[in-house]
Asker: 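Sending over a structure as structure tokens; questions will come in a sec.
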Protein chains: 2
Amino acid sequence: MAEPAQMRMTPSRRAILTELARACHPTADEIYRRVRRRLPRVSLGTVYRNLEVLQTSGLIRTLLDARGQRRYDARLDDHCHVRCEECGRVDDVRVLSERPLEESIEDDHGYEIRGHQLSFVGVCPECAPDAKGRDSSIDAGRPRPQRR
Amino acid sequence: MAEPAQMRMTPSRRAILTELARACHPTADEIYRRVRRRLPRVSLGTVYRNLEVLQTSGLIRTLLDARGQRRYDARLDDHCHVRCEECGRVDDVRVLSERPLEESIEDDHGYEIRGHQLSFVGVCPECAPDAKGRDSSIDAGRPRPQRR
DNA sequence: CTATGTGCAAAGTTTTTGCAGCGTG
DNA sequence: CACGCTGCAAAAACTTTGCACATAG
């Protein structure tokens, strides 16, 4: 169940990676539907398992849309997002600006900005002691062991 | 189903608000368990419905922990969070510092910081046209109509 | 060959809803 | 006493898993 020592490049894996690069922050289900157009026998379970492996390997990142649904991102560099509260869509945002950030986002992306959120992700003192050897990944994160 | 014209202050509502102020970013289920200690007949559905009403009324905010689970926040002013990837806990963070942010968070809160995320929340151009008359609320957000 | 990956289907977790009765203002 | 709230139970939405078979390296 832990990440495999060696990751094989299978057809479904490749297809998922491809769609991930093509679509903009797709959900697991969006990837599933797209991948199935070429490989009709792929299952949703496989998509989820692959997304987990890919994230653990540091090849992709997980993020959360405004509703809490997971979305996946092929971009690995640090960058910001705008999340639509109505449809769940997530766009990348340029943070190079001389004007107030909110204002320039409204101009550049047409979003009506209602707020923002800056979160740091890490491990709290109580969970930290046993530095479990992970290190990559950011954002939303790793699969839930069990939801508590 | 839209927000009621008038919000009544019922015992469960009051209890939820109390626990919300007492606990630190509780999940719906945590609130539920706490409220039940005093009002054993309260149902989870009621908790969710109340949290929604309270958020819509601008009395509380919704946020997402590192796993995507919703948590609720009684603080209404803008502030930052640290989210533990292991246990899901969310703490408030002070952003007044002369040192690099990450570093000062590690010192002040004992977290091992693995990354951060800055997201803007709003309404995308495609959903915007019909400004649906909402305006309060920020962060994670409003109830999902249907998840798509 | 063998460890890793897969389809399928069932189960899990969190959140939403319908309904009939209850209670606040 | 009307409209909002509630408990209860069923359903929905998303994600995880067990298992037997398939396959990359």
Side-chain angles (χ1 to χ4, degrees), chain A residues 1-17 26-33 35-36 38-57 59 62-72 87-88 140-148, chain B residues 1-17 25-33 35-36 38-57 62-72 87-88 140-148:
Chain A
M1 198 118 290
E3 48 273 34
Q6 163 202 255
M7 186 183 76
R8 294 179 182 170
M9 191 47 66
T10 62
S12 32
R13 197 102 88 199
R14 207 187 325 276
I16 288 171
L17 237 16
T27 61
D29 191 64
E30 274 159 18
I31 296 173
Y32 171 62
R33 293 199 306 268
V35 167
R36 276 182 82 109
R38 323 205 84 210
L39 306 174
R41 310 198 65 77
V42 166
S43 71
L44 227 203
T46 294
V47 172
Y48 275 107
R49 277 180 291 219
N50 274 314
L51 289 171
E52 183 198 321
V53 171
L54 290 171
Q55 175 188 279
T56 302
S57 309
L59 294 176
T62 304
L63 53 101
L64 300 164
D65 68 19
R67 295 200 194 71
Q69 183 166 31
R70 287 193 190 129
R71 287 173 176 272
Y72 299 85
C87 69
R142 69 199 56 267
R144 38 190 135 159
Q146 60 272 3
R147 272 214 176 178
R148 63 187 3 245
Chain B
M1 197 114 291
E3 47 272 35
Q6 163 202 251
M7 185 183 76
R8 293 181 182 168
M9 192 47 67
T10 61
S12 33
R13 196 101 89 199
R14 206 186 327 276
I16 288 171
L17 236 17
H25 308 117
T27 61
D29 192 65
E30 273 158 19
I31 296 173
Y32 171 62
R33 292 199 306 267
V35 167
R36 276 183 83 110
R38 322 206 85 209
L39 306 175
R41 310 199 64 76
V42 167
S43 71
L44 227 203
T46 294
V47 171
Y48 273 107
R49 276 180 292 221
N50 274 313
L51 289 171
E52 182 198 322
V53 171
L54 291 171
Q55 174 187 281
T56 302
S57 308
T62 303
L63 54 99
L64 300 165
D65 71 17
R67 295 201 196 71
Q69 183 166 33
R70 286 193 190 128
R71 289 173 175 271
Y72 299 86
C87 68
R142 70 201 54 268
R144 37 191 135 158
Q146 59 272 3
R147 272 212 176 180
R148 62 185 5 243

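So you know, we letter chains A, B, ... as the sequences are listed, proteins then strands, and number each from 1.
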Asker: Please give me the minimum heavy-atom distance between A/Tyr72 and A/Thr62, naming the atom from each residue.
Answerer: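 Scanning both residues, the minimum pair turns out to be CE2-OG1, 3.6 Å.
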Asker: If you compare every side-chain N and O of B/Arg70 against the phosphate oxygens of C/dT16 (OP1, OP2), does one of them come in below 4.0 Å?
Answerer: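 For C/dT16, OP1/OP2 do have a side-chain N/O of B/Arg70 under 4.0 Å.
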Asker: Please report the distance, rounded to the nearest Å, between OH in A/Tyr48 and C1' in C/dG5.
Answerer: 19 Å
Asker: With nearest nucleotide decided by heavy atoms, which residue, A/Arg41 or B/Thr10, maps closer to the 5′ end of DNA chain C?
Answerer: A/Arg41
Asker: Below the 4.0 Å mark, does D/dG4 have OP1 or OP2 next to a side-chain nitrogen or oxygen of B/Gln6?
Answerer: no
Asker: For the side chain of B/Arg49 and the base of D/dG4, is some donor closer than 3.5 Å to an acceptor across the two?
Answerer: no
Asker: For B/Met7 and D/dC5, give me the distance from atom CE to atom C1', rounded to whole Å.
Answerer: 12 Å
Asker: Would you say B/Arg36 reaches D/dG7's phosphate, i.e. side-chain N/O to OP1/OP2 under 4.0 Å?
Answerer: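 So the side chain of B/Arg36 is outside the cut-off, no N or O lying under 4.0 Å from OP1 or OP2 of D/dG7.
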Asker: Rounded to whole Å, please give me the gap between CG in B/Leu51 and P in C/dT15.
Answerer: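 Rounded to the whole Å, the gap is 10 Å.
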Asker: Expressed in angstrom and rounded to an integer, what is the separation of B/Arg67 atom CZ from C/dT14 atom P?
Answerer: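 Spelled out: CZ on B/Arg67 to P on C/dT14 is 9 Å.
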Asker: Please report, rounded to the nearest Å, how far the P atom of D/dA13 is from the CG atom of A/Asp65.
Answerer: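 In whole Å, D/dA13 P lies 15 Å from A/Asp65 CG.
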Asker: Roughly how far, to the nearest 0.5 Å, is the CD atom of A/Gln6 from the OG atom of A/Ser57?
Answerer: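 Between atom OG of A/Ser57 and atom CD of A/Gln6 there are 11.5 Å.
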Asker: Which nucleotide, C/dG5, D/dT15, D/dT17, lies nearest any side-chain atom of A/Leu44?
Answerer: D/dT15
Asker: Nearest to the side chain of A/Ser12, which nucleotide is it out of D/dT16, C/dT14, C/dT6?
Answerer: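 Output: C/dT6.
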Asker: Which pair of heavy atoms, one from A/Ala15 and one from A/Leu39, lies closest together, and at what distance?
Answerer: CB-CD1, 3.8 Å
Asker: Examine C/dG7: is either OP1 or OP2 under 4.0 Å from a nitrogen or oxygen in the side chain of A/Ser43? Give yes or no.
Answerer: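 Answer is yes, contact under 4.0 Å.
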Asker: Could you report the tightest heavy-atom contact between A/Leu64 and B/Asp65, atom names first, then the distance?
Answerer: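 Nearest heavy atoms, A/Leu64 then B/Asp65: CD1-O, 3.5 Å.
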Asker: Distance criterion of 3.5 Å, no angle test: do you see the side chain of A/Arg14 paired donor-to-acceptor with the base of C/dG5?
Answerer: no
Asker: Calculate the interatomic distance between B/Asn50 atom CG and C/dT17 atom C1'; express it in whole Å.
Answerer: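 After rounding, the reported distance stands at 15 Å.
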Asker: CZ of B/Arg33 versus C1' of C/dT14: gap in Å, rounded?
Answerer: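 One finds 13 Å between C1' of C/dT14 and CZ of B/Arg33, rounded.
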Asker: State, to 0.1 Å, how close B/Val47 and B/Ala28 come at their nearest heavy-atom pair, and which atoms those are.
Answerer: CG1-O, 3.8 Å
Asker: 5'-most contact on DNA chain D: A/Arg8 or B/Thr46, nearest heavy atom basis?
Answerer: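 Of the two residues, B/Thr46 wins.
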Asker: In this structure, how many angstroms lie between the C1' atom of D/dC14 and the CD1 atom of A/Ile31, rounded?
Answerer: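 Between C1' of D/dC14 and CD1 of A/Ile31: 14 Å.
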